[in-house]
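Each chain gets a letter, A, B and so on, in the order the sequences are listed, and its residues count up from 1. Quantities reported herein were computed from a predicted structural model and do not represent experimental measurements.
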There are 2 protein chains.
Amino acid sequence: MRPTLQTVADAVGVSRSTVSNAYSRPDQLSADLRDRILTAAAGLGYAGPDPTARSLRRRRAGAIGVLFTAKLSYAFTDPYAVQFLRGLASSAEQGRTGLLLLPLSMDDEEAAVAPVNDAVVDGFCVYCLPDWHPALAALEARGLPVVAGQKRPGSQASFVGIDEAAATRAAGEHLVALGHRRLAVVGEYFTVAQSTGPVTIKSPGDVAYYTDRERLRGYQEALAEGGVPWSSVATVNVARNGRAEGAAAAAYLLDRAPRPTAIAALSDILALGVLDAVRARGLRPGHDVSVVGFDDIPDATTEGLTTVHQPAAERGRRSGLLLLDPPTDPADRSVVLPTTLVVRATSGPAPS
Amino acid sequence: MRPTLQTVADAVGVSRSTVSNAYSRPDQLSADLRDRILTAAAGLGYAGPDPTARSLRRRRAGAIGVLFTAKLSYAFTDPYAVQFLRGLASSAEQGRTGLLLLPLSMDDEEAAVAPVNDAVVDGFCVYCLPDWHPALAALEARGLPVVAGQKRPGSQASFVGIDEAAATRAAGEHLVALGHRRLAVVGEYFTVAQSTGPVTIKSPGDVAYYTDRERLRGYQEALAEGGVPWSSVATVNVARNGRAEGAAAAAYLLDRAPRPTAIAALSDILALGVLDAVRARGLRPGHDVSVVGFDDIPDATTEGLTTVHQPAAERGRRSGLLLLDPPTDPADRSVVLPTTLVVRATSGPAPS
DNA sequence: CAGTGCCTCTGGATCGATACAGTACGCCGT
DNA sequence: ACGGCGTACTGTATCGATCCAGAGGCACTG
């Protein structure tokens, strides 16, 4: 049998508590006795207090759960997500806490909430979930601190994010000011079905994902102000947030008449794919077709993409801080970080 | 106070065990009573058995720890690591298990082992650690299943990996067969100091990292067989596994006389950087200078890089399987996956 | 009607630690 | 000699569940 505190205590001839103190509160016993205990423990092959038992008693798990939809692979592939995780990891590390990655099923009702109920963690970070996902209710029930990048009516969760709608409103105003009137939007989560192709979105409010809904709303507002009705805006859904998917989506838009003069993608990855498709047709980005992204990932700079910059790593870092010790005042539990429109080479005056 | 099993039991008028069974073993009680219990629990705001307490009793944490050196950011930036994690995540998911990412300090003795001792996990996956790292001893002491991609004398750990030396031996033989005699090797972990620049490696055996040591050994053997003494091989250490670093390392090699006719990088990322440097000098890869990588990441195909292919995702997947239920027979606890030399455009006959 | 077996539910022991009140003891001042 | 005080250590209660031997009820059998 593996040794426990008691095993060591018996071997040294002291009480269990004293052995515990030898590990957790060295100031509570003499240095001499502590040495004797640690030596005996090493001899017995005792590696220190059992983390699970300690967690139970201390009521601290030493980990925060990060919720992902379905495949974790996505998280590692998306540059924005990577930046976010880096930020989260940095504050976790500082708080002597690990990151527990939890995949949530999107179909199986059971596998969709089980990770939330079973995870040994001190709090949860919601990366991005649709409004209807059952895990959101499970999170509330569990009663642990939660930080989300999305707002949800009635939720106790902290918020760390940006004003998504204001960000795309700025981008939309930029396009309108350049004279664009025929626009299209490409994004990932417009429909539940994961397929690439044109979709009809009667109103941005219908979209189940917070970020996409808000970003669409921003574009809608900016365009409406510029006299462009939402019904004239083409919307294309993609199956996955990938460069090839962005190109495929753009193909739908570029090969039909009348061609849009500007395409707004809801992520940079997609926007880069759109650029590929534009160039593949011999069109010049920023002249024949303007392209705008979102996130400002490193490749956006390289490729001169006009996009909305958001502080990805900072979002992660602040999320971690809020989880590690949640402020009692609800007012302090909402952090809205600034975004900026970065105009580069892929946006220009609408062609006449 | 948060409700416990007992709270619910009292409310319904049954025993604690019965409430426990309602959640964990539904077949042990009547459907009717189970409904009443779950209803009462919902009414009390009881979200189900406490994961920590459950873990203690069941002796299962529902997570496996993944050990990283220092910054987690690295893990998310390296394409090979991402593939590996994807594989690991896929089998973890299947086994209803999460991934706990644990950063290990490389300097602070305390922070180097604490995560190993404190993590609530069922096993550990060692991604890549130097032989001297204190966490390795802590892992043995903890007595949990461990899977590593590196072999360590006297370790109980399972092994999932490749024959690193055989892989680079094949690459070395390829270069020798093409007539190369002046060679150089670029890698990340030759020295403890994290800086980019030439280093002297008297013997590959001196290198503290398993993979690099073995890969160097493979090159050494192939070259020795081809009559190229190790002492004539230039070695350059880089501070980080990045493309820019690869280019910087190549700069040292390309700007001195006599220029090596072939440069072997111990990762594709570095090799791509080397290619950048080669091209920046107006030299043609595969003609003036041959370049070989390792890993076969997606970009290697795109850029026509000659490299060693290794099944990254499969390594992760098999590691996960071995951790989830470790075979009793030690013979089954070692998996060596195949590698292949993929010859593309960046290697060619040595210039005369 | 006793005997057998199944189904449902109970209660105490247990997992491995930490918290905290309490005890033992040495040392000081008067 | 004795009260007061600080240090070093002990012992019991507790964290919140699961395990398991066994009790009670009920139907079925001979």
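- Under the ring-ring contact (aromatic ring centres under 6.0 Å, His included) criterion, no residue pair touches residues 88-107 of chain A, with sequence neighbours excluded.
- Exactly one residue among B:R96, B:R58, B:R54 makes a salt bridge (Lys or Arg N to Asp or Glu O under 4.0 Å) with A:D118. That residue is B:R54.
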Query raised in the report: Between B:R2 and B:D50, is a salt bridge (charged side-chain N to carboxylate O under 4.0 Å, His left out) present by the stated rule, with each step listed?
Result: CA-CA 10 Å; B:R2 290 192 64 72; B:D50 180 277; over 6 Å; no
Query raised in the report: Where along nucleotides 12-24 of chain D does protein come under 4.0 Å, by heavy atom, of base (B) or sugar-phosphate alone (S), with - for untouched nucleotides?
Result: BBBBBBBB-----
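- A straight line from CG of B:L29 to P of C:dC7 spans 14 Å, rounded to a whole angstrom.
- Between the CZ atom of B:R60 and the P atom of C:dG16 there is a distance of 17 Å, given to the nearest Å.
- With hydrogens and angles left out, the side-chain atoms of B:T211 and B:Q150 include no donor and acceptor closer than 3.5 Å.
- In this structure, the side chains of B:V14 and B:V19 come closer than 4.5 Å at one or more pairs of heavy atoms.
- Here A:S30 lies in heavy-atom contact (under 4.0 Å) with sugar-phosphate atoms only.
- Considering all non-hydrogen atoms of both residues, A:V121 and A:G65 come closest at CG1-N, 3.5 Å.
- Among B:W132, B:Y210, B:Y209, the one residue that satisfies the ring-ring contact (aromatic ring centres under 6.0 Å, His included) test with B:Y189 is B:Y209.
- The bend of the helix from C:dC1-D:dG30 to C:dT30-D:dA1, defined by the angle between the axes of its first five and last five pairs, stands at 50° to the nearest 10°.
- By the 30° and 60° cut-offs, the orientation of the rings of B:Y127 relative to B:F68 is tilted.
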